[in-house]
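Reviewing the structure listed below.
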There are 2 protein chains.
Amino acid sequence: MNANCTIYKTSDFIGKKWTIPLILELYKGKGKKKRYSVLKNSLHGITPKLLSMRLKELAKHKLVKKETHANEFPIRCEYSLTKSGLAFIKVVKSMKDWALTHQFKNEHCKKMNCKNCDCGC
Amino acid sequence: MNANCTIYKTSDFIGKKWTIPLILELYKGKGKKKRYSVLKNSLHGITPKLLSMRLKELAKHKLVKKETHANEFPIRCEYSLTKSGLAFIKVVKSMKDWALTHQFKNEHCKKMNCKNCDCGC
DNA sequence: CCGGATCCTCTGCGATACTG
DNA sequence: CAGTATCGCAGAGGATCCGG
């Protein structure tokens, strides 16, 4: 393995704290766009600094799109998954399947689609 | 999302530096068992402390099995993927597929099976 | 008010040296 | 050979502050 390895490079920016829960949170629910404060409240325990950093990283890698409505008051910012970010959900689902089979038993979670889950799962 | 969420818990112990490359390295090649020094040399840049920590974490979560041959000299330790660890490879492959489609173009890597790759990929 | 930036503290990581 | 010990620094956690 060297620094050019696809998996190495990918795990390097995906395998950071809060990145995967953040992508999942942007996928969840009916609306496609979510505000900073909504994300902060949903990702219970994340600090504003980390949320800000992760959103920037994901935007840089084109998994997340940011829209700022500066003409409104108060200012409203909306974040959403790009096609690339949405495609990443299949990786997350693969991880979930593995975890439910090999790590954590959770019947509720197994039945639930993450998209509709309030995450008692 | 709360602290009980399957994805949150999984990403918490999978999403640490070197964890995924380490699992991939244990998967690669013909032999199933690998020694500490072999892993250290293959994972170019990892420090002995981190390798030791990650192996312990993965053993704790039953993705990796450790065998110590204390009766020999020098002492020989061998690490291998458990069934659970081997099953995790499909998550890694899912990640690789996504990365090659959406992040990094790499024709060589696309053709290559990681198992046989010296990781010029 | 909302979306951050800033400051400080503390854990985690990198590098090197050393031991059973 | 297979790891610990030690130290310094970068990144994460927590609280507060600020511009629009």
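Bear in mind that the values here come from a model prediction, so they are computed numbers and not experimental data. Each chain gets a letter, A, B and so on, in the order its sequence line appears, and its residues count up from 1.
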| query | Nearest-Å distance, OH (A:Y79) to P (C:dC2)? | reply | 15 Å
| query | Does A:R35 put a side-chain nitrogen or oxygen below 4.0 Å from OP1 or OP2 of C:dG3? | reply | yes
| Residues two or more places apart in sequence or in another chain: which of them pass ring-ring contact (aromatic ring centres under 6.0 Å, His included) with A:F104? | none
| message | B:Y79: which residues meet the ring-ring contact (aromatic ring centres under 6.0 Å, His included) condition with it, sequence neighbours left out? | response | none
| message | Pairs counted only when both distances fall under 3.5 Å, Watson-Crick or G-U: show me the 5' to 3' dot-bracket for DNA chain C, [ ] for pseudoknotted crossings and | for other-strand partners. | response | ||||||||||||||||||||
| note | From NZ of A:K34 across to P of C:dC2 the rounded distance in Å is 17 Å
| request: Using a cut-off of strictly less than 4.0 Å, decide whether B:K56 has a side-chain nitrogen or oxygen near OP1 or OP2 of D:dT4. | output: yes
| note | Separation of C:dG3 atom C1' from A:K66 atom NZ, nearest Å, is 8 Å
| Looking only at atom types and distance, does a side-chain atom of B:K115 sit under 3.5 Å from a main-chain N or O of B:Y27, one as donor and one as acceptor? | yes
| task | Determine, for nucleotides 6-20 of chain D in 5'-to-3' order, which nucleotides have protein heavy atoms under 4.0 Å from the base (write B), from only the sugar-phosphate (write S), or from neither (write -). | result | BB----BBB-----S
| field | Inter- and intrachain pairs under salt bridge (charged side-chain N to carboxylate O under 4.0 Å, His left out), touching residues 71-92 of chain A, at least two apart | value | A:E72-A:R76, A:R76-A:E78
| B:T6 (side chain) donor-acceptor with A:K96 (main chain) under 3.5 angstrom | no
| message | With salt bridge (charged side-chain N to carboxylate O under 4.0 Å, His left out) as the rule and sequence neighbours excluded, what pairs involving residues 2-19 of chain A come up? | response | A:K16-A:E57
| said: Tell me whether the rings of B:W98 and A:F88 are parallel (<30°), tilted (30 to 60°) or perpendicular (>60°). | reply: perpendicular
| task | Starting from P on D:dA2, measure out to CG on B:N71 and report it in whole angstrom. | result | 14 Å
| query | Heavy-atom count around B:H44 NE2 within 6.0 Å, excluding the residue itself: above 12? | reply | no
| field | Approximate separation, where rounding is to 0.5 Å, of A:E25 CD and A:L81 CG | value | 10.5 Å
| request: Using whole Å, report how far CG of A:L51 lies from C1' of C:dG3. | output: 10 Å
| remark: When rounded to whole Å, the CD to P distance for the pair B:E67 and D:dG3 reads 13 Å
| query | Within the pair A:S52 and C:dG3, is there a side-chain N or O less than 4.0 Å away from OP1 or OP2? | reply | no
